[in-house]
Amino acid sequence: MTQACKLAAGNWKMNGLRADMAEARALATALTAPSCGVLLCPPATLVAAMADALSGSAVMVGGQDCHAAASGAHTGDISAQMLADSGASYVILGHSERRADHGESSGDVAAKARAAHAAGLIAIICLGETEAERDAGQTLDVVLRQLAESVPEGATAANTVIAYEPVWAIGTGRTPTLEQISEVHDALRANLPDSAISLLYGGSVKPGNAAEIFAIANVDGALVGGASLKAADFGAIVAALDAA
Ligand code: 13P
């Protein structure tokens, strides 16, 4: 079996002005030849400037969403090709905040992933249960259904990454137990269309818990929110992944 690639991905969400690119530059300067992939996904307004600023460094740039259509009358939306044209190589899709705030279904996410693949982007497809679903014992049912419905045909390790992000762990400082993360990642690995697809864990990953999470067998990296905004914190998470 081909080994999945390790990836530390930062999701800046709706945070970041031009001045904050200093953090991205500091990260790029601090990283010398990391063994894992390192990615920052700033708001769309900063994608092109960040891609220019980090050109030639070890840090790649991605978007946080794209439209399913290639172009057209979709005011306010951004196509996958526009992200690629701006220097992005990845796009986060189906984040729980978009599923909740914008009513995105897993079918919508699959359509966006097809568009991302067509534009040559690697899609980071996000999955995760709510707290109510976990309490009801439905976690594996929910994430495996989201996996089946959100990942389009033709998904391979070359064009797709999966991020498991329990909704209740995002921005809360709470994380599942290591056994709970392991259980979900094992189930995801067994159901991937290509077993070499990288599996990221996301939800309150910090410098202090990164190493123990990265030691879990089927965890290939992390999708990091708040702790990706500061070069020192994200750099420490990258170092933990490098060492894993
Ligand atoms: P936090 O790391 O801030 O919990 O956010 C996780 C997340 O949603 C990354 O996509």
Side-chain angles (χ1 to χ4, degrees), residues 6-16 20 23-24 27 36-44 46-47 50 59-66 83 88 90-102 104 106 109 112-113 116 121-131 133-134 139 142-143 146-147 150 160-178 180-181 184-185 188 198-214 216 219-241:
K6 294 199 286 183
L7 177 66
N11 175 8
W12 278 19
K13 309 191 179 186
M14 200 171 73
N15 300 291
D20 299 303
E23 293 295 328
L27 177 73
C36 64
V38 182
L39 171 70
L40 284 178
C41 299
L46 290 184
V47 166
M50 192 179 284
V59 184
M60 302 175 286
V61 176
Q64 299 178 8
D65 177 51
C66 70
L83 289 172
Y90 287 76
V91 62
I92 298 168
L93 296 174
H95 192 282
S96 62
E97 289 150 14
R98 292 211 57 91
R99 291 178 188 259
D101 297 353
H102 299 269
E104 289 184 9
S106 291
V109 176
K112 290 174 179 225
L121 294 177
I122 300 173
I124 301 179
I125 298 175
C126 302
L127 320 162
E129 82 286 2
T130 63
E131 186 155 35
E133 288 164 341
R134 176 162 284 279
T139 297
V142 167
V143 298
Q146 288 177 335
L147 181 75
S150 306
T160 302
V161 170
I162 302 294
Y164 167 55
E165 299 203 305
V167 178
W168 52 274
I170 292 174
T172 60
R174 298 165 59 207
T175 54
T177 65
L178 302 180
Q180 287 170 330
I181 296 173
V184 173
H185 279 241
L188 289 171
S198 298
L199 291 177
L200 311 184
Y201 167 77
S204 296
V205 176
K206 309 288 178 204
N209 62 15
E212 61 184 13
I213 292 171
F214 296 148
I216 300 170
V219 173
D220 304 312
L223 182 54
V224 182
S228 72
L229 293 166
K230 292 283 167 226
D233 288 347
F234 196 46
I237 291 169
V238 173
L241 184 58

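None of the values given here were measured: they were computed from a predicted structure. Whatever order the structure lists ligands and atoms in, that order sets their numbers, starting from 1.
- No donor-acceptor pair under 3.5 Å is formed between the side chain of E23 and the backbone N or O of D20.
- Below 4.0 Å from some heavy atom of N11 lie the following atoms of ligand 1, by number and element: 9 (C), 10 (O).
- Across G226, C126, A163, G128, heavy-atom proximity to atom 3 (O) of ligand 1 is greatest for G226.
- Any N or O atom pair closer than 3.5 Å counts here, and G225 shares at least one such pair with ligand 1.
- For the pair H95 and ligand 1, the shortest N or O to N or O distance falls below 3.5 Å.
- Annotation: S204 places an N or O atom under 3.5 Å from an N or O atom of ligand 1; distance criterion only.
- Smallest separation of non-hydrogen atoms from L241 and A8: CD2-N, 3.6 Å.
- Proximity of a side-chain donor or acceptor of H95 to a complementary backbone N or O of E97 within less than 3.5 Å is detected.
- Not a single heavy atom of G202 sits closer than 4.0 Å to an atom of ligand 1.
- The closest approach between K13 and ligand 1 falls below 4.0 Å for a heavy atom of the residue.
- For the atom pair OH of Y164 and CG of L147, the computed distance is 13.0 Å after rounding to the nearest 0.5 Å.
- Looking only at protein heavy atoms, the nearest one to atom 7 (C) of ligand 1 is E165 OE2, 3.1 Å.
- Every atom of ligand 1 is numbered from 1 in the order shown, and the set under 4.0 Å from a heavy atom of L223 is 9 (C), 10 (O).
- Annotation for M50 and A24: closest pair CE-CB, 3.9 Å, computed over non-hydrogen atoms.
- Of the polar atoms of G203, none of the N or O atoms is found under 3.5 Å from an N or O of ligand 1, judged by distance alone.
- Here CG of L200 is found 12.0 Å from CD1 of I213. Values are rounded to the nearest 0.5 Å.
- The aromatic rings of H185 and Y201 sit tilted, their planes meeting at an angle between 30° and 60°.
- Using a distance-only test at 3.5 Å, with no hydrogens or angles considered, a donor-acceptor pair links the side chain of Q64 to the main chain of C41.
- Taking only nitrogen or oxygen atoms, main chain and side chain alike, I170 does not reach within less than 3.5 Å of ligand 1.
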